[in-house]
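Would you mind keeping the following structure in view while I ask a few things?
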Amino acid sequence: MLRPADLDALAGWYREHARDLPWRHPDFDAWGTLVSEIMLQQTQVARVRVAIEAWLERWPTPAALADAPTHEVLRQWGTLGYPRRALRLQDAARAIVERHGGVVPRDVDALLALPGIGDYTARAVAVFHFGDRHPVVDTNVRRVVARAVHGQGEQGPAARRDLADVEALLPGDAADAGVLSIALMELGALVCTARAPRCDACPIADACAWRAAGYPAYEGRRAPRQARFAGSDRQARGTVLRALRGLDGPIAEAEAAGLWPDAAQLERALASLAADGLVVREDGSVRLPH
DNA sequence: AAGGCGTGGCT
DNA sequence: TAGCCAAGCCT
């Protein structure tokens with residue numbers, strides 16, 4: 001159980017050890033916060049750190065991104081991965097312009113209604129930028145709570161009840177609740193890590209149920225393992241997009257055949273990329289969307 | 001609700 | 001090294 005004294009210890013630890021990240025600076029506006037959170041969906045902090053500045057310099061407002069050519073958006077996204085996020089980010093920018101006058105909304109339900117924004121990202125913006133009181137639940141928070149509160153070594157697959165689970169831990173004051181959320185995330189990222197947790201450096205080690213139980217091995221359900229990447233359709237998609245990003249114009253489909261050894265798999269990749277709106281197939285060639 | 005979806009770093 | 005993991009979202 002986390003007592004008020006433990007929450008204080010956590011907050012104190014955060015003040016002392018928090019990384020100096022661009023999106024934590026006070027001059028970071030709501031749009032910058034939203035963009036950073038989208039980029040951080042399954043992409044490491046170190047890589048987002050490098051990419052965020054140029055992105056915001058180029059498109060400093062939702063209106064600016066809404067008006068950009070989509071092929072340039074995909075090029076600027078570069079190798080951050082999961083390029084559908086770039087399309088949805090532009091769609092979100094357009095929705096912000098149309099529905100909210102170009103101003104990033106503060107309301108969680110309005111944020112959730114934007115493409116590419118789910119439970120985590122919506123509340124991250126509402127809490128970390130606007131300072132409202134909501135549970136912010138990412139994989140780090142789920143892991144720390146699984147260990148410290150529930151005595152489990154791993155968090156298991158994400159579930160709808162995670163939100164209510166963390167809500168129950170939050171102090172009543174919005175500012176205190178926000179510090180707890182960001183501190184839980186930072187603790188999970190730096191100390192209470194998935195592999196080789198550094199319990200000797202943990203500010204709440206004395207309160208940790210997992211530690212108290214002697215670090216029992218995890219017996220619960222796990223998320224299914226990812227399919228192997230090498231030779232996958234995903235790799236084929238990535239190869240096609242990488243080639244298109246490096247060119248100004250289209251690639252003839254006959255030429256595209258040279259990008260991937262398995263013709264049937266390449267065709268699946270092209271079809272799914274087109275279905276996602278990441279490429280356009282016309283006149284026997286493939287290109288990025290305008 | 002289980003699986004698809006990039007890319008790179010770490011062990 | 002092969003697999004795990006990373007501030008998830010969508011269907």
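Within every chain, numbering begins at 1; the chains are lettered A, B, ... in the order of the sequence lines, protein sequences first and strands thereafter. All values derive from a computational prediction rather than experimental measurement.
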- Task: Kindly point out which of dC5(C), dA2(B), dT7(B) is positioned nearest to the side chain of R221(A)?
- Result: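 Shortest atom-to-atom distance from the side chain points to dA2(B).
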- Item | Torsion-based syn/anti label for dA6(C), 90° from 0 as limit |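 dA6(C): anti glycosidic orientation.
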- Item | Rounded distance in Å - CG (L278(A)) to C1' (dT7(B)) |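 After rounding, the gap between these two atoms is 15 Å.
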- Give a yes or no on whether the backbone of G81(A) and the side-chain of W77(A) come within a donor-acceptor separation of less than 3.5 Å.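 Answer holds: yes.
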- Message: Taking only side-chain N and O atoms of R237(A), does any of them lie within less than 4.0 angstrom of OP1 or OP2 on dG6(B)?
- Response: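 Result: yes.
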- Query: Which whole-number value in Å describes the distance from R225(A) CZ to dA6(C) C1'?
  - Reply: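 After rounding, the gap between these two atoms is 18 Å.
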- Please tell me which of the listed nucleotides, dC10(C), dC5(C), dG8(C), lies nearest to the side chain of T139(A)?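 Given the options dC10(C), dC5(C), dG8(C), the side chain of T139(A) is closest to dG8(C).
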- Nearest-Å distance once atom P is located in both dC4(C) and dG3(B):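 Looking at atom P only, dC4(C) and dG3(B) are 15 Å apart.
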- Starting at the 5' end of DNA chain C, which residue's closest nucleotide do you reach first, E37(A) or L114(A)?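 Closest to the 5' end, via its nearest nucleotide, is E37(A).
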- Query: Within the structure shown, what part of the strands sits under 4.0 Å from P83(A) by heavy-atom distance: base, sugar-phosphate, or nothing?
  - Reply: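 Sugar-phosphate, no base atom in range.
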- Query: More than 12 non-hydrogen atoms from neighbouring residues, nucleotides or ligands closer than 6.0 Å to CD on E282(A), yes or no?
  - Reply: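 Above 12, so yes.
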- Indicate whether any N or O donor in one side chain lies under 3.5 Å from an N or O acceptor in the other, for R234(A) and Y82(A).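 Yes, side-chain donor-acceptor contact under 3.5 Å.
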- Query: Which part of the nucleic acid does A124(A) contact within heavy-atom distance under 4.0 Å: base, sugar-phosphate only, or nothing?
  - Reply: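 Nothing, no heavy atom under 4.0 Å.
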- Have a look at R160(A) and say if it touches a base, only the backbone sugar-phosphate, or nothing, with a 4.0 Å heavy-atom cut-off.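 Answer is nothing: R160(A) stays at 4.0 Å or more from every strand.
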- Which pair of non-hydrogen atoms, one from R85(A) and one from I38(A), has the smallest distance, and what is that distance?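 Shortest heavy-atom contact: NH1-O, 3.0 Å.
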- Item | Distance in angstrom units between F229(A) CZ and dT1(C) C1', rounded |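 Computing the F229(A):CZ to dT1(C):C1' distance gives 17 Å.
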- Message: Would you measure the distance from the P atom in dA2(B) across to the matching atom in dA7(C) and give it in whole Å?
- Response: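 Looking at atom P only, dA2(B) and dA7(C) are 24 Å apart.
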- Task: Mind calculating the distance between NE2 (H129(A)) and C1' (dA7(C)) to the nearest angstrom?
- Result: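 It works out to 18 Å between those atoms.
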- Query: Reckon T121(A) touches a base, only the sugar-phosphate, or nothing at all at heavy-atom distances under 4.0 Å?
  - Reply: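 Answer is sugar-phosphate: T121(A) comes under 4.0 Å of backbone atoms only.
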- Message: Once you apply a heavy-atom cut-off of 4.0 Å, does I117(A) come out as touching a base, just sugar-phosphate, or nothing?
- Response: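 Contact class for I117(A): sugar-phosphate only.
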- Does a nitrogen or oxygen in the side chain of Q42(A) sit under 4.0 Å from OP1 or OP2 of dG8(C)?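 Indeed, a polar side-chain atom of Q42(A) lies that close.
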- Query: Considering only side-chain heavy atoms of R234(A), which listed nucleotide, dC9(C), dC5(B), dA7(C), is closest?
  - Reply: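 Output: dC5(B).
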- Task: Could you please name the option among dA7(C), dC5(B), dG6(B) that lies closest to any side-chain atom of N140(A)?
- Result: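 Within the option list, the nearest is dA7(C).
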- Query: Of the candidate nucleotides dC10(C), dG3(C), dA7(C), which contains the atom at the shortest distance from the side chain of R88(A)?
  - Reply: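 So the side chain of R88(A) is nearest to dC10(C).
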- Query: Under 4.0 angstrom, heavy atoms only, what part of the nucleic acid is W77(A) near: base, sugar-phosphate, or nothing?
  - Reply: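 No contact.
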- Item | Contact nearer the 5' end of DNA chain C, comparing P115(A) with A189(A) |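 Going by which nucleotide is closer to the 5' end, it is A189(A).
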- Message: Is there, by distance only and without an angle test, a donor paired with an acceptor across the side chain of Q44(A) and the base of dG8(B) below 3.5 Å?
- Response: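 Yes, a donor-acceptor pair under 3.5 Å.
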- No-H, no-angle donor-acceptor pair, R195(A) side chain to dT11(B) base, under 3.5 Å: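 When only heavy-atom distances are counted, R195(A) does not reach the base of dT11(B) through any donor-acceptor pair under 3.5 Å.
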- Task: Report the C-alpha separation of T239(A) and W260(A) in whole Å, then their side-chain angles, then the decisive distance to 0.1 Å, and conclude whether the side-chain contact (heavy atoms from CB on, under 4.5 Å) test is met.
- Result: CA-CA 8 Å; T239(A) 300; W260(A) 194 260; 3.6 Å; yes
- Short side-chain N/O contact to dA6(C) OP1/OP2 from R143(A), under 4.0 Å: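 Result: yes.
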- Item | L40(A) CG - dC5(C) C1' separation (whole Å) |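 That distance rounds to 15 Å.
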- Query: Quick one: are P289(A) and L278(A) in side-chain contact, heavy atoms under 4.5 Å?
  - Reply: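 With C-beta onward as the side chain, the pair stays apart.
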- Just checking D276(A): base, sugar-phosphate only, or nothing, at a heavy-atom cut-off of under 4.0 Å?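 The residue D276(A) makes no contact with any strand.
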- Message: Taking pairing as Watson-Crick or G-U wobble with both contacts under 3.5 Å, can you name the mate of dC10(C), or confirm there isn't one?
- Response: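 By the stated definition (distances under 3.5 Å), dG3(B) pairs with dC10(C).
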- Query: Are the side chains of Q76(A) and R58(A) in touch, meaning some heavy atoms are under 4.5 Å apart?
  - Reply: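 With C-beta onward as the side chain, the pair touches.
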- Whole-Å distance separating the CG atom of L21(A) from the P atom of dA7(C):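 L21(A) atom CG is separated from dA7(C) atom P by 11 Å.
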- Distance in angstrom units between Q226(A) CD and dC4(C) P, rounded: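 To the nearest whole Å, that distance equals 9 Å.
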- Query: Which part of the nucleic acid, if any, lies within contact of R47(A), taking any heavy atom under 4.0 Å across all strands shown: a base, the sugar-phosphate backbone alone, or nothing?
  - Reply: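 Base contact.
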- Query: How about I96(A) and V103(A): do any of their side-chain heavy atoms sit closer than 4.5 Å?
  - Reply: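 Not touching, per the 4.5 Å side-chain cut-off.
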- Message: Nearest to the side chain of M185(A), heavy atoms from C-beta on, is which of dG4(B), dA7(C), dG8(C)?
- Response: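 It is dA7(C).
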- Task: Using a heavy-atom cut-off of under 4.0 Å over every strand shown, decide if R268(A) touches base, sugar-phosphate, or nothing.
- Result: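 Since no nucleic acid heavy atom lies under 4.0 Å of R268(A), the category is nothing.
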- Starting at CG of L74(A) and ending at P of dT7(B), how long is that distance when rounded to a whole Å?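 Interatomic distance, CG of L74(A) to P of dT7(B): 12 Å.
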- Listed nucleotide nearest any side-chain atom of D138(A), set dG8(C), dG3(B), dG6(B):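 Minimum distance to the D138(A) side chain belongs to dG8(C).
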- Item | Who pairs with dC10(B) - Watson-Crick or G-U, where each distance is under 3.5 Å |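 Its partner is dG3(C) (Watson-Crick or G-U wobble, both distances under 3.5 Å).
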- Nucleotide nearest R242(A) (side chain, heavy atoms from C-beta), chosen from dA7(C), dC9(C), dT7(B):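 Shortest atom-to-atom distance from the side chain points to dT7(B).
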- Start at the 5' end of DNA chain B and walk down; is the nucleotide closest to A227(A) or to T79(A) reached first?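 The residue closer to the strand's 5' end, by nearest nucleotide, is A227(A).
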- Heavy atoms under 4.0 Å, any strand shown: does L184(A) hit a base, just sugar-phosphate, or nothing?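 The residue L184(A) makes no contact with any strand.
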